[in-house]
Every structure is written in C-alpha cells, then in structure tokens.
Amino acid sequence: MKFFISTLALFAAVGSSAVLPRAKNSTSTSTACHSVHTGYLTVFPGDQPSKNVPVGLNSQNQVTYGVDADQKFLVEFQACPKLPDQAPNLDMWNGRIIKSGTTDCVTVSNPSAPEDGPFFLELAPCKSDTKPPASQQWEYGNDFGAVVFWKGASKKDEVGWTDDDQSNPTVEQGTNRLELGCAKTCSSFSITPENEL
C-alpha cells in the first residue's frame, strides 16, 4: 500500500508541474519582459467573419487596416513581470507587443487623447525592458480567451479597435490608420500564427 501511495504522489507532482504553461526565456528571478506569444497582429472584421485579418504597417510605421500595400508584420507579445496581474496558469499576461526581431513596440501615438479616443497605433522604440509606459502596455487573455487589448491611459478599461455598424474596423479617412477607442463598441485584437490566417 505504501508503494502505491508514493507512486501516486510522484505521478501527481510530475503531472501537475507538466500542465502549467511556462513562458519562453523566463526565469523565476527575471524581471525583463519576455516573449510568450508570436504571430501577426490581427482583427476579426464583420465582412470576413470566418478569419482573422492582419493589420498593416505603412511607410511612416503607422498601423493601418485595409491597405494592400501596407505589409502585415510579425509581433511578439512579451509578458513584463513588473506589471501587476500576471496569471501564467491561465495564459493571461500584462506586457508589451514588439515587432519581432526589433526593439520597437506597438505604441499608442496619442495616449492623452480624450477618454473615448480615437487613439492610433504606431511602431516606436520600446521605452523600458521591464515596465513599459502606459502607451506601450497591453494585456493578453481574459475570460473570453486569447484576446489582446491596450490597457488604456487611465488603466481602468481595456481599449480595442473601434468597429462600425457592420463590425468592421473604423479607419481614419485619408490615411487608413486603424482607430482605437471604446466610446460605443470596440473589439479585441489577436496575435495569430501564420498557419491560422
């Protein structure tokens, strides 16, 4: 009987440690931001309800939608342990989004806009490797799953892309810059692997 209990306890200990997701490149003592998800920054528009569609990046490093000439870009969501409310066991993180292979962050270019926006995104140099400023703070995952929102200037709300009456992204006229804000309704971003586009 003792052997059975010991074996069961060993199996439970090994099994429980194997189930917990671990962040890549992380150590228990590290405070540096580290990558936990890689893919393309995408939206789920109403006119294409069966797939995630990548946003684009124009020549001024502004994030756009609906412009074929603006290339999709690979990003990494990096968890930043110095930010509160990390829940690795639930795959829920607070951190930043970098363009893969660079030190540039997806940044809200006008974080001091009125509370209801619109806000706009651009790539800009990351300000901190441990605790990004509000304009570069994002959250990954919540009760709805693998969703991505900007933390917001006030850190009270999740801010996503603004959608119109057809659930399509709202863009700035003339530039096609993607608008963020949750005055009426907004939707979450995703970080989508190439094979799921």
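No hydrogens, no waters, no symmetry mates; every other heavy atom, side chains included, goes into these values. This chain uses plain numbering: 1 for the first residue, then up along the sequence.
Rounding to the nearest 0.5 angstrom, the gap separating the CH2 atom in Trp93 from the CZ atom in Phe77 is 9.5 Å. Between the OG atom in Ser109 and the CG atom in Asn61 there is a gap of 11.5 Å [rounded to 0.5 Å]. The CD1 atom of Ile191 sits 12.5 Å away from the OH atom of Tyr40 when rounded to the nearest 0.5 Å. Considering CG of Leu178 and CH2 of Trp161, their distance stands at 8.0 Å, rounded to 0.5 Å. If you take OG on Ser30 and NZ on Lys82, they are separated by 10.5 Å, rounding to the nearest 0.5 Å. Leu123 CG to Cys105 SG: the interatomic distance, rounded to the nearest 0.5 Å, is 8.5 Å.
The two residues Ser188 and Phe149 come nearest to each other via the heavy atoms CB-CZ, 3.4 Å. For the residue pair Val148 and Trp138, the shortest heavy atom distance occurs at CG1-CE3, 3.9 Å. Closest non-hydrogen pair, Ala32 versus Pro81, comes out as O-CD, 3.4 Å. The minimum heavy-atom distance between Pro54 and Asn52, with the atom names listed, is CD-O, 4.1 Å. For the residue pair Ile98 and Arg96, the shortest heavy atom distance occurs at CG2-NE, 3.8 Å. Nearest heavy atoms, Pro111 versus Phe119: O-CE2, 3.7 Å.
With sequence neighbours excluded, no residue forms a salt bridge (Lys or Arg N to Asp or Glu O under 4.0 Å) with Glu76.
The closest side-chain heavy-atom distance from Tyr140 to Val36 is not below 4.5 Å. The side-chain heavy atoms of His37 and Asp91, taken from C-beta on, include a pair separated by under 4.5 Å. Put simply, the side chain of Val67 does not reach to within 4.5 Å of the side chain of Asn58, judged on heavy atoms. Within the 4.5 Å cutoff, the side chain of Cys33 has no heavy atoms near those of the Asp129 side chain. Taking the side chain as every heavy atom from C-beta outward, Lys99 and Val106 never approach each other to under 4.5 Å. No side-chain heavy atom of Lys51 sits less than 4.5 Å from a side-chain heavy atom of Leu197. Within the 4.5 Å cutoff, the side chain of Phe189 has no heavy atoms near those of the Thr42 side chain. Side-chain contact between Leu121 and Val108: present, with at least one pair of heavy atoms (C-beta onward) separated by less than 4.5 Å.
A donor-acceptor pair under 3.5 Å links the side-chain atoms of Asn168 to the main chain of Gly46, judged by distance alone. For the pair Ser190 (side chain) and Thr192 (backbone), a donor-acceptor distance under 3.5 Å is absent. Using a distance-only test at 3.5 Å, with no hydrogens or angles considered, a donor-acceptor pair links the side chain of Gln86 to the main chain of Asn94. A donor-acceptor pair under 3.5 Å is absent between the side-chain atoms of Asp164 and the main chain of Thr170, judged by distance alone.
Listed by first and then second residue, the salt bridge (charged side-chain N to carboxylate O under 4.0 Å, His left out) pairs that reach into residues 165-182 are Glu172-Arg177, sequence neighbours excluded. Under the salt bridge (charged side-chain N to carboxylate O under 4.0 Å, His left out) criterion, the residue pairs touching residues 187-197 are Lys72-Glu194, with sequence neighbours excluded.
Under a hydrophobic clustering in which Ile, Leu, Val, Met, Phe, Trp and Tyr are joined whenever their side-chain heavy atoms come within less than 4.5 Å, directly or via other members, Phe120 and Leu180 fall into different clusters.
Applying side-chain hydrogen bond (donor to acceptor under 3.5 Å, both in side chains) to Thr107 and the options Gln136, Gln137, Lys127 leaves one that passes, Gln136.
Taking a 6.0 Å sphere around CG of Asp68, one finds it holds 12 or fewer heavy atoms contributed by other residues, nucleotides or ligands. For Gln60, the CD atom counts as densely surrounded, since its 6.0 Å shell holds more than 12 non-hydrogen atoms of other residues, nucleotides or ligands.
Side-chain atoms of Thr64 and Asp70 include a donor-acceptor pair closer than 3.5 Å.
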